[in-house]
Amino acid sequence: MDSGQDRLDSEILQTGKSILKLLKKSLCPDYVRDEDTVVLTAPWDEEDYRVGVYLYDIQDYSPVFAQGAFIDEQKRRFPPKAAELSYLIFCNQNHRFGGLQREQLHMVLNEIVRAIYDNPVLEREDGENVEISFLREDVEFKIRLWGSFHQALWPAVYVKAAPVLIASRRLQSINRVQERDYGVEKR
């Protein structure tokens with residue numbers, strides 16, 4: 001695949017990687033020793049990691065209306081779809097090599113909150129900017145979400161990234177007006 005095609009396929013992945021990059025910069029090495037232990041993962045994965053970032057929801061982000069792009073004089077690409085991504089950022093309490101003690105857990109969560117608060121805009125590899133902010137999920141939602149993972153409720157930071165513009169592959173043929181004859185005659 002060429003780089004243009006890669007860009008079409010990876011807006012969601014680039015957003016997740018941008019969140020990881022921010023967290024690694026903010027947490028390592030003072031709060032999390034090894035950058036390789038800050039990963040995109042699910043809470044039920046049994047990998048050895050310290051901080052996990054899990055994408056749990058994708059929704060339409062209607063406030064953004066984007067324009068399509070002209071490819072040439074006869075074709076136009078449909079506008080991108082704006083999406084809102086919901087992430088769960090959590091500390092792995094089942095880490096095989098000792099897990100995090102409660103005080104460490106609180107300090108790491110504090111630094112995650114600080115990183116999100118201090119950096120409300122992520123710049124992805126492709127140069128696009130995505131805003132990140134906190135989600136206000138109620139406790140019942142959180143209990144249901146963690147229950148769907150077959151896990152007890154863990155302390156976590158819930159954030160959203162929006163708008164994430166997902167490029168369309170759909171093309172539209174267009175016929176541009178080349179010349180117009182109004183048929184006006186002098187009297």
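Numbers here simply count residues along the sequence, with the first being 1.
Contact check for Leu105 versus Pro155: side-chain heavy atoms found under the 4.5 Å cut-off. In this structure the side chain of Ser18 never reaches within 4.5 angstrom of the side chain of Val130, judged on heavy atoms. For the pair Asp57/Gln59, a side-chain contact is recorded, criterion being any heavy-atom separation below 4.5 Å from C-beta on. Taking 4.5 Å as the limit, every side-chain heavy atom of Pro120 sits out of range of all side-chain heavy atoms of Ile132. A 4.5 Å side-chain heavy-atom check between Asn129 and Leu122 finds every atom pair outside the cut-off.
Arg114 pairs by the salt bridge (Lys or Arg N to Asp or Glu O under 4.0 Å) definition with Glu111, not counting sequence neighbours. Annotation: salt bridge (Lys or Arg N to Asp or Glu O under 4.0 Å) contacts of Lys25 (sequence neighbours excluded): none. Remark: Arg33 pairs with no residue by the side chain to side chain donor-acceptor pair (under 3.5 Å) rule, at least two apart or across chains.
In the displayed structure, Lys142 atom NZ is contacted under 6.0 Å by more than 12 heavy atoms of other residues, nucleotides or ligands. Surrounding OH of Tyr117 are at most 12 heavy atoms belonging to other residues, nucleotides or ligands under 6.0 Å away. Within a 6.0 Å sphere centred on CD of Glu125, heavy atoms belonging to other residues, nucleotides or ligands number 12 at most.
For the atom pair CG (Asp34) and CG (Asp48), the distance works out to 11.0 Å, reported to the nearest 0.5 Å. A distance of 13.5 Å separates CG of Leu23 from OH of Tyr31, quoted to the nearest 0.5 Å.
Electrostatic pairing of Asp60 and Lys81 counts as a salt bridge here, judged by a charged N lying under 4.0 Å from a carboxylate O.
Contact record, Ile12 with Ile166: CD1-CD1, 3.9 Å, taken as the closest heavy-atom pair. For the pair Val38 and Lys24, the tightest heavy-atom approach, listed with the atom from each and the gap, is O-CE, 3.2 Å.
Ring geometry, Trp154 versus Trp146: the interplanar angle falls from 30° to 60°, so the pair is classed tilted. Between Tyr54 and Phe149, the ring planes are perpendicular. Angles over 60° get that label, and only those under 30° would be called parallel.
For Glu131 (side chain) and Ala161 (main-chain N/O), no donor-acceptor pair under 3.5 Å exists by modelled atom type. No donor-acceptor pair under 3.5 Å is formed between the side chain of Asn92 and the backbone N or O of Val51. For the pair Asn119 (side chain) and Val121 (backbone), a donor-acceptor distance under 3.5 Å is absent. Using a distance-only test at 3.5 Å, with no hydrogens or angles considered, a donor-acceptor pair links the side chain of Asp138 to the main chain of Phe141.
When each of Leu22, Val32, Thr37 is tested with Leu27 by the rule side chain to side chain contact (heavy atoms under 4.5 Å, CB included), just one qualifies, namely Val32.
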